[in-house]
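Scope of the values below: all heavy atoms of this structure, side chains included, with no hydrogens, waters or symmetry mates. Position 1 is the first residue of the sequence; numbering continues from there.
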Amino acid sequence: MSSTVITNIATLVTNDPSLGDGSPLGLIQDAALVVDGDRIAWTGESSKAPATDNRVDAGGRAVLPGFVDSHSHLVFAGDRTQEFNARMSGRSYSAGGIRTTVAATRAASDEELEANLTRYLAEALRQGTTTFETKSGYGLTTEDESRALRIAAAHTDEVTYLGAHIVSPDYADDPAGYVALVTGEMLDACAPYARWIDVFCEKGAFDGDQARAILSAGKARGLHPRIHANQLSYGPGVQLAVELDAASADHCTHLTDADVDALAGSATVATLLPGAEFSTRAEWPDARRLLDAGATVALSTDCNPGSSFTSSVPFCIALAVRDMGMTPDEAVWAATAGGARALRRDDVGRLSPGARADLITLDAPSHVHLAYRPGVPLVTGVWRRGVREV
């Protein structure tokens, strides 16, 4: 292994408040950092950088932790262009459109699913995502759910079993039978490939009692809960997430004061997915309300073919600042350290000694440009585990 110092960094986002300006972003101006192997070894002012084997000039650019996308659905086939077009022409979004992707995914080969997955992973990497979670949920049979997770597990450790995305069309008249499958035979086949278990707790999908049974069965098999909660309507999802110590409650659009208080008083992260609201013309989550209450907030893409077909975390940062009441600092933290919290990770989402050397450079002097220049491809370099990949 060799060491490399990156110097001439205009603004370094460390996400360590003990460093730099003492803010949550731990900003250091005119900075440098040292990568030793796959870890960050040192950060500080450029003039104080230690000697290393190699030297890289950042050219006055900003350097940030790689984005941590803690919510995506990337194992699928087909697309839903016609559905999106109809929605933009006035049709409302509902959970039922998932069935279209289920049919296409079941019909696809393993090779087709993996090729699709790696295509979107490469697309996300070019935009600065260095850690990602992804789910099953478009198979809804034991065989198709387990193969989706097996394919995903070859590319990330953050794999989520989402057999409970919707009730399988095969069990349309027997939802209790499908819950039994998801918590029994399907869970047995899927658990070896997954770290997490998820459920879509929503009208048209699974109610609170069904969701509790599914997540509890997963916990008993060693899978930790996360949950799609309160996206389309008020419901029990957020309270259930806190009750079961879920790592995250995702969407969090329709919240009561009790829901906000529960999140603020727990370790459950509120993961907001503005790409979904953008693509469905739905009500925006109120990030300001959550942040002011003291809840931990993450930002992720929700990349999926139906309701949020974007792999761009910078796009989601810009949406969060423009339409969800977040400051640029808060949005960048949520897309890096917040995503790490939602995955209960402390080795990513920060650039301080001991962290994994996952970092990006921007063609801009400040992280604020991610919101200031929306839609512009600002990410010019991506390092993952200390190796430059973009």
Cut-off 3.5 Å, side chains only: do E83 and T100 have a donor facing an acceptor?
no
Using atom types as modelled and distance alone, determine if a side-chain donor or acceptor of T142 lies under 3.5 Å from a backbone N or O of E185.
no
Taking atom OG1 of T129 and atom CD of Q127, what is their separation to the nearest 0.5 Å?
7.0 Å
Side-chain donor-acceptor pair under 3.5 Å between W196 and E158, yes or no?
yes
Polar contact flag, side-chain donor to acceptor under 3.5 angstrom, D329-T327
no
For R388, does the CZ atom sit with more than 12 other heavy atoms under 6.0 Å from it, leaving out its own atoms?
yes
Going only through I, L, V, M, F, W and Y residues with side-chain contacts under 4.5 Å, is there a path from L117 to V313?
no
Can you check whether A152's main-chain N or O pairs, donor with acceptor, with Y193's side chain at less than 3.5 Å?
no
For T43 and S352, which heavy atoms make the closest approach, and how far apart are they?
CG2-CA, 4.4 Å
Side-chain H-bond candidate by donor/acceptor type, E133 with T156, under 3.5 Å
no
Ignoring hydrogens and geometry, is there a side-chain-to-backbone donor-acceptor pair from Q210 to D207 under 3.5 Å?
yes
Polar side-chain atom of T118 near backbone of A115 as donor-acceptor pair, under 3.5 Å:
yes
Does N304 use its side chain to pair, donor to acceptor, with the backbone of D302 at less than 3.5 Å?
yes
Rounded distance [0.5 Å steps], OG in S307 versus CG in L273
8.5 Å
Checking side-chain polar atoms at under 3.5 Å, does S279 have a donor or acceptor matched by the opposite partner on S308?
no
Is there a donor-acceptor pair under 3.5 Å between the side chain of R341 and the backbone N or O of A337?
no
For residues N230 and S233, is any side-chain donor paired with an opposing acceptor at under 3.5 Å?
no
Do T380 and T361 meet the criterion of a side-chain donor-acceptor pair at a distance under 3.5 Å?
yes
Would a line drawn from the ring center of F309 to the ring center of Y120 be shorter than 6.0 Å?
yes
When clusters are formed by joining ILVMFWY residues with side-chain heavy atoms under 4.5 Å apart, either directly or through shared neighbours, do L140 and V159 land in the same one?
yes
Heavy-atom distance under 4.5 Å between the side chains of L64 and L359, does that happen here?
no
Report yes or no: do N15 and T336 form a side-chain donor-acceptor pair below 3.5 Å?
yes
Close side-chain approach of D286 to H254, heavy-atom, < 4.5 Å:
no
Flag side-chain contact, heavy atom, 4.5 Å: D259 against Q239
yes
Note: L244 and S216 closest approach over all heavy atoms is CD2-OG, 4.2 Å
Might you point out which heavy atoms bring C252 and V238 nearest each other, and give the distance in Å?
SG-CG2, 4.1 Å
Backbone N or O of A249 within a donor-acceptor pair of the R226 side chain at under 3.5 Å?
no
Using only heavy-atom distances, determine whether the side chains of S300 and S70 contain a donor-acceptor pair under 3.5 Å.
yes
If you count the non-hydrogen atoms of other residues, nucleotides and ligands that lie under 6.0 Å from CG in D173, is the total more than 12?
no
If you measure from CD1 on I98 to CZ on F200, what distance do you get to the nearest 0.5 Å?
5.5 Å
Taking side chain as C-beta onward, heavy atoms only, is I227 less than 4.5 Å from L215?
yes
State whether the side chain of R61 and the backbone N or O of T11 hold a donor-acceptor pair below 3.5 Å, judged by distance alone.
no
Quick check against the 3.5 Å criterion: does R356 have a side-chain atom that pairs as donor or acceptor with the backbone of R385?
no
Under 3.5 Å: donor-acceptor pair, side chain of D21, backbone of L27
yes
Stepwise, does the ring pair (Phe, Tyr, Trp, His ring centres under 6.0 Å) test hold for F315 with F278?
CA-CA 10 Å; F315 175 64; F278 177 87; 5.1 Å; yes
May I ask you to test the V5-V56 pair for a side-chain heavy-atom distance under 4.5 Å?
no
Does a donor on one side chain and an acceptor on the other come within less than 3.5 Å for R80 and T101?
yes
Measure the SG-CG distance between C316 and L299 for me, rounded to the nearest 0.5 Å.
7.0 Å
Verify the ring-centre separation between F132 and F67: is it less than 6.0 angstrom?
no
What I'd like to find out is whether the side chain of W42 reaches to under 4.5 Å of the side chain of K48, using heavy atoms alone.
yes
Does I214 share a hydrophobic cluster with L149, counting links as ILVMFWY side-chain heavy atoms below 4.5 Å and allowing steps through other members?
yes
For a quick check under 3.5 Å, do D250 and H71 share a side-chain donor-acceptor pair by atom type?
yes
How long is the span from the CG atom in D16 to the CD1 atom in I28, to the nearest 0.5 Å?
8.5 Å
When rounded to the nearest 0.5 Å, the distance separating NE2 of H73 from CG of D198 is 7.0 Å
Are I9 and V332 connected in the hydrophobic side-chain network, where two residues link if heavy atoms are under 4.5 Å apart?
no
Verify the neighbour count for atom CD of E389: are there more than 12 heavy atoms of other residues, nucleotides or ligands below 6.0 Å?
yes
Quiz question: by atom type and distance under 3.5 Å, do the side chains of R344 and H224 form a donor-acceptor pair?
yes
Side chain proximity check, D53 to T4, heavy atoms < 4.5 angstrom
no
Verify side chain to side chain donor-acceptor pair (under 3.5 Å) between D69 and T301, making sure each step is shown before the conclusion.
CA-CA 7 Å; D69 191 348; T301 64; 2.6 Å; yes
Donor + acceptor pair across side chains of S136, E145 (<3.5 Å)
yes
Side chain proximity check, D188 to R221, heavy atoms < 4.5 angstrom:
yes
Any idea which heavy atoms bring L187 and A217 closest together, and the distance?
CD2-O, 3.6 Å
Are V368 and V63 connected in a single hydrophobic cluster, I mean Ile/Leu/Val/Met/Phe/Trp/Tyr linked by side-chain heavy atoms less than 4.5 Å apart?
no
Kindly give the heavy-atom pair with the smallest separation between L121 and H155, and that separation in Å.
CD1-CB, 3.8 Å
How close do D358 and T131 get, heavy atom to heavy atom, and via which atoms?
OD2-OG1, 3.9 Å
Is the count of non-hydrogen atoms from other residues, nucleotides or ligands lying under 6.0 Å from R373 atom CZ greater than 12?
no
Test item: side-chain donor near acceptor, T141 and D144, under 3.5 Å:
yes
Strictly below 4.0 Å, N to O, side chains only: are R195 and D157 in salt-bridge contact?
no
Assess, by modelled atom type and distance only, whether the side chains of T130 and R384 contain a donor and an acceptor separated by less than 3.5 Å.
no
Are Q231 and T253 close enough that a side-chain donor and a side-chain acceptor fall under 3.5 Å?
no
